[in-house]
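Written out below as structure tokens is the structure these notes cover.
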Amino acid sequence: MQLDPQQIQADQALLQLGKRLRADGYRFTCVTPATHARVNARPGAERARTLRDVFGWSRPFPPSLVSADELDQLRQAQVLATRGEWLVSTVRWATLEDLLLVHSAYPTDASDAVFFGPDSYRFAQVIHDHLQRAPKRVEHAVDIGCGTGVGALLVAQAVPHAQVTAVDINPLALRYTAINAALAGVSNVSVEPSDLLDGITGLFDLIITNPPYMLDVQERTYRHGGGALGAELSLRIVEQARERLAPGGSLLLYTGVAIIEGRDPLLEAIRLRLAGPGWSWVYREVDPDVFGEQLGERGYEQVERIAAVTLTVTRSG
């Protein structure tokens, strides 16, 4: 990827800030936007008092709360904004196991926001479970819609001999993935701009993906799954993966589905796309009720719940 010098300098500053936070023992577990809003609405939570408030809860802070070095790094990284007499970081930092990951600050209203939250933790567990039992040696893997790059980094750490490609249509996601890879000390991850797999060639032993699956009226990239109720992107991925899996290779899809009167329309569509002897697959519901606040949004009037599901597809060898 071609980067301009100013962007390189900004990303280096962000990387140095991440190193500083990790050295200081910073840790933060991201919650749903609804939980975040409730916690930040509590009395006394209007302003930051700790670094977790600044970089986890996205609260305004006085300049005196952070060190001069950290303040300078925030300015050089171009991720510092003002809110009246206070400052606010336009990035957050989350931890998952030994990883420290930069992503967009709360609230993630921007069209190019890079989201990290409870789905990311569930996605990580699904990846771990798959790699522990996967029979095929992974030489080339790809993370579609990589976001923060968490999936690509977990595969790269678990299979250090593999070449792992992280792709996204969002340039900011690719920047954050590259920073997070450098912070993790992972050298076998490359980042590439691509709409799903359209921009890259070759076959893959492992395709992982945690695509957006909501119907989002603002059509934000990280959230909008397309189609009537957000399933279009997941189905496009299944269709492309069929053509791009190496013999014995697997697709690992973690996504969500809007359940209507007990019916799972995503499962019904997948059955049609994976009929025949060329594929073995397992589909399971891993959480029956996620992001319940979404049911109050326009378009969800007939939806009774949103379930988190996983699909593992293996191409016959």
Side-chain angles (χ1 to χ4, degrees), residues 1 3 7-31 51-52 54-56 58 70 73-74 76-79 89-106 108 110 112-128 131 141-160 162-194 206 208-212 221-222 254:
M1 296 175 59
L3 301 179
Q7 182 175 310
I8 293 173
Q9 183 180 19
D11 290 354
Q12 282 296 319
L14 203 51
L15 174 60
Q16 293 306 313
L17 176 60
K19 289 180 177 179
R20 174 70 176 266
L21 290 173
R22 186 173 59 187
D24 290 344
Y26 172 92
R27 297 194 67 81
F28 188 83
T29 299
C30 282
V31 295
L51 288 183
R52 292 180 76 252
V54 172
F55 296 116
S58 294
E70 288 167 329
Q73 286 160 349
L74 282 164
Q76 287 189 43
Q78 302 172 18
V79 293
S89 170
T90 61
V91 297
R92 299 170 72 192
W93 293 88
T95 47
L96 189 157
E97 301 168 8
D98 63 338
L99 293 175
L100 179 60
L101 303 155
V102 65
H103 56 108
S104 299
Y106 171 89
T108 46
D112 67 343
V114 180
F115 187 75
F116 186 92
D119 268 339
S120 308
Y121 294 98
R122 286 187 285 259
F123 184 43
Q125 188 58 56
V126 169
I127 292 170
H128 282 315
L131 291 175
V142 62
D143 181 0
I144 299 175
C146 59
T148 62
V150 60
L153 294 180
L154 291 173
V155 173
Q157 287 181 327
V159 195
Q163 176 189 349
V164 183
T165 306
V167 303
D168 207 297
I169 61 172
N170 182 357
L172 187 60
L174 298 177
R175 289 178 62 186
Y176 287 173
T177 293
I179 292 168
N180 292 332
L183 188 56
V186 171
S187 60
N188 56 328
V189 171
S190 61
V191 298
E192 299 289 345
S194 180
L206 179 63
I208 62 169
T209 182
N210 172 20
T221 304
Y222 79 91
Y254 170 91

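Values below: all heavy atoms of this structure, side chains included; hydrogens, waters and symmetry mates excluded.
The two residues L100 and T95 come nearest to each other via the heavy atoms CD1-CG2, 3.7 Å. Closest approach of L96 to A124, counting heavy atoms only: CD1-CB, 3.7 Å. Looking at every heavy atom in both residues, L131 comes nearest to A158 through CD1-CB, 3.6 Å.
When side chains are defined from C-beta on, R92 does not count as touching S104, because their heavy atoms never get closer than 4.5 Å. In this structure, the side chains of W93 and Y26 come closer than 4.5 Å at one or more pairs of heavy atoms. Counting heavy atoms from C-beta on, the side chains of H128 and E97 come closer than 4.5 Å. The side-chain heavy atoms of N188 and V186, taken from C-beta on, include a pair separated by under 4.5 Å. Considering only heavy atoms from C-beta on, I169 stays 4.5 Å or farther from S194 through its side chain. Considering only heavy atoms from C-beta on, F123 comes within 4.5 Å of I208 through its side chain.
Interatomic distance, OH of Y176 versus CG of N180, reported as 9.5 Å (0.5 Å rounding). Separating the CD1 atom in I8 from the CD atom in Q12 is a distance of 8.5 Å, to the nearest 0.5 Å. Considering CZ of R22 and CG of L99, their distance stands at 9.5 Å, rounded to 0.5 Å. To the nearest 0.5 angstrom, D112 atom CG is 5.0 Å from L172 atom CG.
Listed by first and then second residue, the salt bridge (Lys or Arg N to Asp or Glu O under 4.0 Å) pairs that reach into residues 115-125 are D119-R122, R122-D287, sequence neighbours excluded.
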For the pair L17 and F55, evaluate side chain to side chain contact (heavy atoms under 4.5 Å, CB included) and give the outcome as yes or no after the intermediate values. CA-CA 11 Å; L17 176 60; F55 296 116; 4.1 Å; yes
Worked check of side chain to side chain contact (heavy atoms under 4.5 Å, CB included) between L101 and L153: CA-CA 10 Å; L101 303 155; L153 294 180; 3.8 Å; yes
Atom pairs and distances, donor-acceptor, side-chain atoms in residues 141-148, under 3.5 Å, two or more places apart:
residue, atom, partner, partner atom, Å
D143, OD2, A152, N, 3.0
T148, OG1, V150, N, 3.4

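Among residues two or more places apart in sequence or in another chain, the side-chain hydrogen bond (donor to acceptor under 3.5 Å, both in side chains) test is passed with Q76 by D72. Take Q125 and apply the side-chain hydrogen bond (donor to acceptor under 3.5 Å, both in side chains) test, not counting sequence neighbours, and it matches D129. For the side chain to side chain contact (heavy atoms under 4.5 Å, CB included) test, residues two or more places apart in sequence or in another chain that qualify with Q78 are Q6, A10. For R52, there are no salt bridge (Lys or Arg N to Asp or Glu O under 4.0 Å) partners, not counting sequence neighbours. For D24, the salt bridge (Lys or Arg N to Asp or Glu O under 4.0 Å) partners are R20, not counting sequence neighbours. Remark: F116 pairs with H103, Y121 by the ring pair (Phe, Tyr, Trp, His ring centres under 6.0 Å) rule, at least two apart or across chains. S58 is linked by a side-chain hydrogen bond (donor to acceptor under 3.5 Å, both in side chains) to nothing, counting only residues two or more places apart in sequence or in another chain. Partners of F115 under the side chain to side chain contact (heavy atoms under 4.5 Å, CB included) rule, at least two apart in sequence or in another chain, are P33, T108, Y222. Listed by chain and number, the residues in a side chain to side chain contact (heavy atoms under 4.5 Å, CB included) with A173 are V114, D168, N170 (sequence neighbours excluded). Residues satisfying the side chain to side chain contact (heavy atoms under 4.5 Å, CB included) test with V79, not counting sequence neighbours, are L14, L74, A77, T90, V91.
Partner of V164 under the side-chain contact (heavy atoms from CB on, under 4.5 Å) criterion, out of L154, L206, V189: V189 alone.
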